2 protein chains.
Amino acid sequence: MAANSQFAIAVHILTVLAKAGEGNNVKSDYIAASVNTNPVVIRRLLGDLNQSKLVVSQTGANGGTRLAKCPKEINMADIHKAISCGKTFALHRQTNDDCPIGKNIQCVLEKLQVEINDVVEAKLAQFSLQSVLEAVEEVGCKKGKVLN
Amino acid sequence: MAANSQFAIAVHILTVLAKAGEGNNVKSDYIAASVNTNPVVIRRLLGDLNQSKLVVSQTGANGGTRLAKCPKEINMADIHKAISCGKTFALHRQTNDDCPIGKNIQCVLEKLQVEINDVVEAKLAQFSLQSVLEAVEEVGCKKGKVLN
DNA sequence: CATAACTGTAATAACTTTAGTTACAAATAT
DNA sequence: ATATTTGTAACTAAAGTTATTACAGTTATG
């Protein structure tokens, strides 16, 4: 599939901030090194996270970014909404109005899309940033531990 | 977001076949006209649907494609699986192993991905091709009717 | 208060993915 | 035999995503 990795990077960013601890500024350069990308990519995502009040940034010397709330109060759905990374599947372009199917399928698909989006967000809401941080620190996956 | 529209087109294709009725071959040209794309795009997707035994195709004069089962026995999850249209979100590329977060976040995200995928498929499984066809024929959306 | 260290963001380039097209071999009804 | 239709390869075009460069604006700190 298509798929940009912005949500994955955003989770990564916030996990780094959570690990840094409350009130500690982390620089985009540091995060970029962990994610292995360019600092500008990080700063752009931080902009979105900022708008959603998940993080607070500070310009100037000794600046950086820190969490705006504690990791228990941030969940994966918050992040998913902050990064407008959209839909599980895309609609197709303009269909043929002369065909009874082509004419109406789009709006049926749209409804389906909404239903899917709802269950995705509900599921994402079950995982807090805190739990992700813990899973990462415990290298939970190697032990087969499931997130929660 | 990214997102290809293959799933949407596949649903469209199968809805056209469902409307055509059991045992009736439909040509890729006809479907392409409804979807408003090139017949080859349709034939490629039909190939996937064929492999998943959702449709049967016939080459030669008077050939075409028809459903392999009745529309009540096909659901949106079947289609989603047939079109390997993947994940709700993409992972990011190689992270930095020297960072404790970078080193382990990938596999935590993978698990999350699996959980999300599961709820998506479970939800998709609730909608049969039959119900989609009915919704399209009733122009369900204009009436605010929800799929089911 | 000058300086160095940061963020924010625009502009743009490089890369990747997706969709569309052309072309033609193989199959088959009539 | 012939016309039709699928299946698929090869290629082009378009769109989307990520990476990079550059620099203006902010601020801690000596």
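On a predicted model such as this, the values are computed, not experimentally measured, just so you know. These values consider heavy atoms only, across backbone and side chains, with no hydrogens, waters or symmetry-generated copies. So you know, we letter chains A, B, ... as the sequences are listed, proteins then strands, and number each from 1.
- When atom types are taken as modelled, the side chain of Ser5(A) and the backbone of Ala8(A) share no donor-acceptor pair closer than 3.5 angstrom.
- In this structure, Asn38(B) does not reach the dG20(C) phosphate: none of its side-chain N or O atoms is under 4.0 Å from OP1 or OP2.
- Close to dT5(D), at under 4.0 Å from its OP1 or OP2, lies no side-chain N or O of Ser28(B).
- A distance-only check finds a donor-acceptor pair linking the side chain of Asn36(B) to the backbone of Gln94(A) [under 3.5 Å].
- You'll find the side chain of Phe89(A) stays beyond 4.5 Å of the side chain of Val11(B), heavy atoms only.
- Nearest to the side-chain atoms of Ser57(A) among the listed nucleotides dG7(D), dT17(D), dT7(C) stands dT7(C).
- For the pair Ile9(B) CD1 and dT18(C) P, the computed distance is 12 Å after rounding to whole Å.
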(message) Return a single string for nucleotides 25-30 of chain D, one symbol per nucleotide in 5' to 3' order, where B is base contact, S is sugar-phosphate-only contact and - is none, cutoff 4.0 angstrom on heavy atoms.
(response) -BBBS-
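- Counting to the nearest Å, the P atom of dT5(D) and the CD1 atom of Ile42(B) are 16 Å from each other.
- Computed from coordinates, the Leu91(B) CG to dT17(D) C1' distance equals 16 Å when rounded to whole Å.
- Across the interface with DNA chain D, nearest-nucleotide mapping of Val40(A) and Gly64(B) shows Gly64(B) to be the residue nearer the 5′ end.
- Atom pair Asn50(A):CG and dG8(C):P shows a separation of 6 Å (rounding to whole Å applied).
- Atom CZ of Arg43(A) and atom P of dC6(C) are 11 Å apart (whole Å).
- Between Arg44(B) atom CZ and dA10(D) atom P there is a gap of 13 Å when expressed in whole angstrom units.
- Rounded to whole Å, the distance from NE2 on His12(B) to C1' on dA19(C) is 16 Å.
- Looking only at distances, no side-chain donor or acceptor of Asp78(B) sits under 3.5 Å from a matching main-chain atom of Ile74(B).
- In this structure, a donor-acceptor pair under 3.5 Å is absent between the side chains of Glu110(A) and Gln106(A).
- The phosphate of dA19(D) has OP1 or OP2 within less than 4.0 Å of a side-chain N or O from Arg93(B).
- Between the side chain of Thr95(A) and the backbone N or O of Gly102(A) there is at least one donor-acceptor pair closer than 3.5 Å.
- Look at Thr37(A) and you'll find a side-chain N or O under 4.0 angstrom from OP1 or OP2 of dA19(D).
- Side-chain N/O atoms of Arg66(B) and Asn25(B) include a donor and acceptor closer than 3.5 Å.
- Rounded to whole Å, the distance from CG on Asp29(B) to P on dT6(D) is 7 Å.
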